[in-house]
Structure formats: structure tokens, C-alpha cells
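Numbers restart at 1 for each chain; the letters A, B, ... are given by sequence-line order, proteins then strands.
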Protein chains: 2
Amino acid sequence: MSAPSEAHDASCATCRRGRPRSERVKHKVLEAAAELLEKRGFKGLTIEAVAERAGASKVTIYRWWPGKAALATDAFLAVLAPLAPFPESRSPLEDLREHIFGLVSVLTGRWGPVTASLIAEGVSDPEVRAAMLARWIEPRRVQARKVVARAIEAGEMHPEVDPEVVLDSLYGPLYLRLLFGHEPLDAAFATQMWKNALAGSAVAR
Amino acid sequence: MSAPSEAHDASCATCRRGRPRSERVKHKVLEAAAELLEKRGFKGLTIEAVAERAGASKVTIYRWWPGKAALATDAFLAVLAPLAPFPESRSPLEDLREHIFGLVSVLTGRWGPVTASLIAEGVSDPEVRAAMLARWIEPRRVQARKVVARAIEAGEMHPEVDPEVVLDSLYGPLYLRLLFGHEPLDAAFATQMWKNALAGSAVAR
DNA sequence: GATTTCCGAAACGCGGCGTTCCGTAATCGA
DNA sequence: TCGATTACGGAACGCCGCGTTTCGGAAATC
């Protein structure tokens, strides 16, 4: 349940006496979980279906993960964590803009609804929320915070703005449209939203 | 030639033959559902508990509502729909600002977590999402749209801004903090967010 | 080869949803 | 007044999915 999934005490997994646990089965389970997650979302995911598709047994799954929530978050993050890496090349504001648009393309894609279903589950399941915050939301915010700080140093952003407010003003509208679907979440919206949000914090030039 | 009894039946639902349905029981069920919803959220709400607390039977509940989702949304909206009415007195931007701060105080209160749990349920349950959009989100957006239009007419807002983007830029950050809880949702945040969001669309004076 | 541990299959208990059945209570029509 | 009709509370049921237990067999270490 901590960063990489290590459900049981495996300090010296290979040193133990008997038959070692099969990493191959673990990967097949993660793969099957990811496929079913993409097809049916978190609520439609059942341990029984994962076991059947992976050719494994429920006991084996529960040996690796404490429950459905941990398995789902692991499968989700194994796929999405590497996506949309943070750019580090141009000006701070340009990096931030590119990051936001990359996030939009992720949330617009096949895994957008899955992201929404896991965020929704996190509302009532503290472990899912903690995992999503620590491994999906926060890693991006950490880098975005740095970029905002660089933008302030470079004189591209007003020094009195609160970086957290800036981040929430950028992420909030995206996730709102992802979760409600009341209006389309696309590049056109991101463009307007970016212009609107940055006007309040960026230094006019 | 249609039988006269048919027209009579169709026009007057309460004129049916047998024992009439008790509106009093319906209200007790709604009340019990609201109490349990506030205490345990949507996922912790069970029909059995509602029936017991209301002194009713499950059959009666299923006679009034098709399922748990419909009962929960009705109970939620019966309490929250009248809250935070839209002000209509001062300047358009002042009305909009007051509306946003009223919404923050609602989402910060006892029913904030319940709101989050129903939004979360709506992600996977189309009926809950439709009910929340039509009876919670959209009524406020309709009025907020009008205020934005008035602000544009009054020259307080740039005429080229998309009202939907403005609304999402205001609501999005609030709901993001409500759902994730990564940073506090309070008046201080609302103040900064408001300043930041409006700077991009309001006309400087 | 003996021991230890993992594996897949099957069955179980639990809880909650939604349904069915029964005896009772309330209202309408004759 | 009396039967027909409909709603009510209580109890039981089937269903499904989670998480657990049990069992026989297989794989790796000693």
C-alpha cells in the first residue's frame, strides 16, 4: 500500500525455504485488472473476473494485495503514472502550459473515465484517496509548484500569488468537466481556461 | 367510446379504490434518509437502516422510489436545494461573488461531505449524475449565466469571454478541494480564487 | 527424497439490494 | 353495513460480490 505495491513482508523473498511467489502471475493479474478497469471502471471491477481473466485464483490475488482498492489503484497507476511527463525545457509558463495540455489529452483519452471512477471511489475510501493523492495528484503538483516558483523568480508571475491557488485554478476546471461531463473537456476549453486563469497571476507584458 | 371510469382514474390518482398511500410515511422516510445520509454518506446509507429509523418497511420505500439512488438524491435535494439562494440586488459581479461565497459556506458545512459522496456516486451511476446536474448544479449555473450576461452588458466583463469557462473556473477549484481535501476549502481560499479567476475576465477599472 | 511454501479450485459466511408472501389496516363503492 | 381494493409492517428469500477457509497438487529448497 506504500509507494510500490509490497503487500507482505518480502524483505528476503528469495531466501525463504519453499516455492517462491511467482512475479509472472502478479503481472498477469495487474494486466487483467487494468483491462477490466478500462472496460468497466472501478465499480464494475470484480476480483472474480480478474482472477478468471488472469488464470489465477482469488487466493493468489489476496496474497499480493489486501483488497480490491489496492489492486485497482496499483493497476491504474502502473499504466498512468508514466504518462504525460513534465516538460523541462522552455520558459516556466510554457512548461506549465504544456503540462496542463498534456494532462487534458490524458483525461480525454481512454483512461479519463477510469481516472474519474477512482477519484470518485477515493471520496468514500480513504486508502484510494491517499493513493491517488500521493501517486497521481501530488507528483504533478510538486513539479508544477516548482515551475510556479521559477515563474515568480523570473518575473513572469506576481510574487504575491499563492501557488496552491494557482494550481487549483488550473486543475479544478479540468477535473470538474471530467467528473460531471456537463461540458466537453477538450483543447479548446483548455485554451480558454488557461488564458482566463493566467490573466490573474501572470505579469502583463 | 372510452369507459368513463378510465378518464376518472387517469385524472385523479388519489381517487383510487383502496387504501391511499401515506404522504406522512413518505416524509418520515425522506427525513430518516437525510439523517443517515448526513451521518454515513451515500455508501454507508442502507435501505434497511432507513426503513428501521423511519418505522417503515422496505416494501413501502420501494413503492415510492425505484431504488437507493433515487431516494438518496431526493433526500439530499430536499435539504440542499433551498440553501444558498441566488442574490439579486447589487451589481452583477457582486451578486456572483456573493453566490460563490454562499456556496463555499454550504460545501464547508455538514452537507459538504454528503455533496461529495453524491457527486462521486454520479460518476458511475447515470441517474444520480443526471439528478445532481439537473437539480443541484444546473439551477445555480442558469442564474450564474444570467449574471455573467448582465455583467457583460454592464461593461464589467469582457464581451468575448465564454460564460461556461468563467463558471467552470469558479466552481472547479471549489469542488476540487471538496473532493480531494488536499488543501482547506474556506473563505480565505475563495477570496484568492475569486481574485485570480476574475482578473482574466473582468474589465479593469 | 523430505520439507516448505505457493498455486488453482471450490465452498463458505457475511452484508446489502431488491422481491415476494402474509396478515392487517384504511378507504371506496354498492 | 359489507365486500372489494389497495397500502402498510414484518419476515423471509434469491442474488451477487467481497473476503476467508479448506483441500489436493505442484514447485523449489534442503
Side-chain angles (χ1 to χ4, degrees), chain A residues 1 6-29 32-33 36-37 40-73 117 121 124-125 127-128, chain B residues 3-6 8-30 32-33 36-37 40-73 117 121 124-125 127-128:
Chain A
M1 283 188 291
E6 215 81 33
H8 290 232
D9 179 16
S11 57
C12 189
T14 56
C15 299
R16 285 191 296 194
R17 289 264 319 213
R19 172 181 179 176
R21 286 157 64 174
S22 165
E23 292 280 344
R24 190 179 148 278
V25 172
K26 181 184 177 184
H27 277 102
K28 290 199 71 171
V29 170
L36 290 172
L37 203 52
R40 308 195 191 275
F42 179 86
K43 282 195 75 172
L45 184 76
T46 71
I47 299 286
E48 260 114 1
V50 173
E52 185 185 359
R53 176 176 283 247
S57 78
K58 285 168 58 174
V59 185
T60 304
I61 297 180
Y62 281 105
R63 212 188 312 275
W64 287 98
W65 293 273
K68 172 182 166 179
L71 169 61
T73 52
S117 78
E121 181 65 17
S124 60
D125 187 328
E127 297 192 20
V128 172
Chain B
S5 63
E6 274 182 16
H8 191 252
D9 281 354
S11 61
C12 185
T14 57
C15 295
R16 284 184 301 190
R17 286 275 315 236
R19 174 179 178 176
R21 286 157 67 169
S22 165
E23 291 280 342
R24 189 179 149 276
V25 172
K26 181 184 179 184
H27 277 103
K28 290 198 71 171
V29 169
L30 267 180
L36 290 172
L37 203 52
R40 309 197 190 273
F42 179 86
K43 281 193 74 172
L45 184 75
T46 71
I47 299 286
E48 260 113 0
V50 173
E52 185 185 0
R53 174 175 284 247
S57 78
K58 286 169 58 175
V59 185
T60 303
I61 296 179
Y62 281 105
R63 193 170 289 124
W64 286 98
W65 293 273
K68 172 182 166 181
L71 170 61
T73 52
S117 78
E121 180 65 17
S124 61
D125 187 328
E127 296 192 20
V128 173

Return a table of donor-acceptor pairs under 3.5 angstrom between the side chains of residues 43-54 of chain A and protein atoms on other chains or two or more places apart.
residue	atom	partner	partner atom	Å
A/K43	NZ	B/E121	OE2	3.3
A/T46	OG1	A/A49	N	3.1
A/E48	OE2	A/K58	NZ	3.0
A/R53	NH1	A/E35	OE1	2.3

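Atom NZ in A/K58 sits roughly 12 Å away from atom C1' in C/dC14 (whole-Å rounding). Here C/dC7 presents its C1' atom at 14 Å from NZ of A/K28, a figure rounded to the nearest Å. One can place CD of B/E121 at 11 Å from P of C/dC17, the figure rounded to the nearest angstrom. Rounded to a whole Å, the CD1 atom of A/I61 is 11 Å from the P atom of C/dA9. Distance CZ (B/R24) to C1' (C/dA25): 14 Å, rounded to an integer number of Å. Whole-Å rounding puts the A/K26 NZ to C/dC6 C1' distance at 15 Å.
Counting any heavy atom pair closer than 4.0 Å across all strands shown, B/K68 reaches sugar-phosphate atoms only and no base atom.
Applying the side chain to side chain donor-acceptor pair (under 3.5 Å) rule to pairs touching residues 63-73 of chain B yields B/W65-B/D74, sequence neighbours excluded.
The CZ atom of B/R24 sits 11.5 Å away from the NE2 atom of B/H27 when rounded to the nearest 0.5 Å.
By the salt bridge (charged side-chain N to carboxylate O under 4.0 Å, His left out) test, A/K28 pairs with no residue at all, sequence neighbours left out. By the side chain to side chain donor-acceptor pair (under 3.5 Å) test, A/S57 pairs with A/T60, sequence neighbours left out.
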Tabulate protein N/O versus nucleotide N/O from nucleotides 6-9 of chain D, keeping only pairs under 3.5 Å, one per line.
residue	atom	partner	partner atom	Å
D/dT6	O2	B/R19	N	3.0
D/dA7	O4'	B/R19	O	3.1
D/dA7	N3	B/R19	NH1	3.2
D/dC8	OP1	B/S22	N	3.1
D/dC8	OP2	B/R63	NH1	2.6
D/dG9	OP1	B/G55	O	3.3
D/dG9	OP2	B/S57	N	3.3
D/dG9	OP2	B/T60	OG1	2.5
D/dG9	N7	B/S57	OG	3.3

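When all heavy atoms of B/A72 and B/L37 are compared, the pair lying nearest together is O-CD2, 3.6 Å.
Of the residues in residues 43-53 of chain B, those with a non-hydrogen atom less than 4.0 angstrom from any atom of DNA chain C are B/L45, B/T46, B/I47, B/E48.
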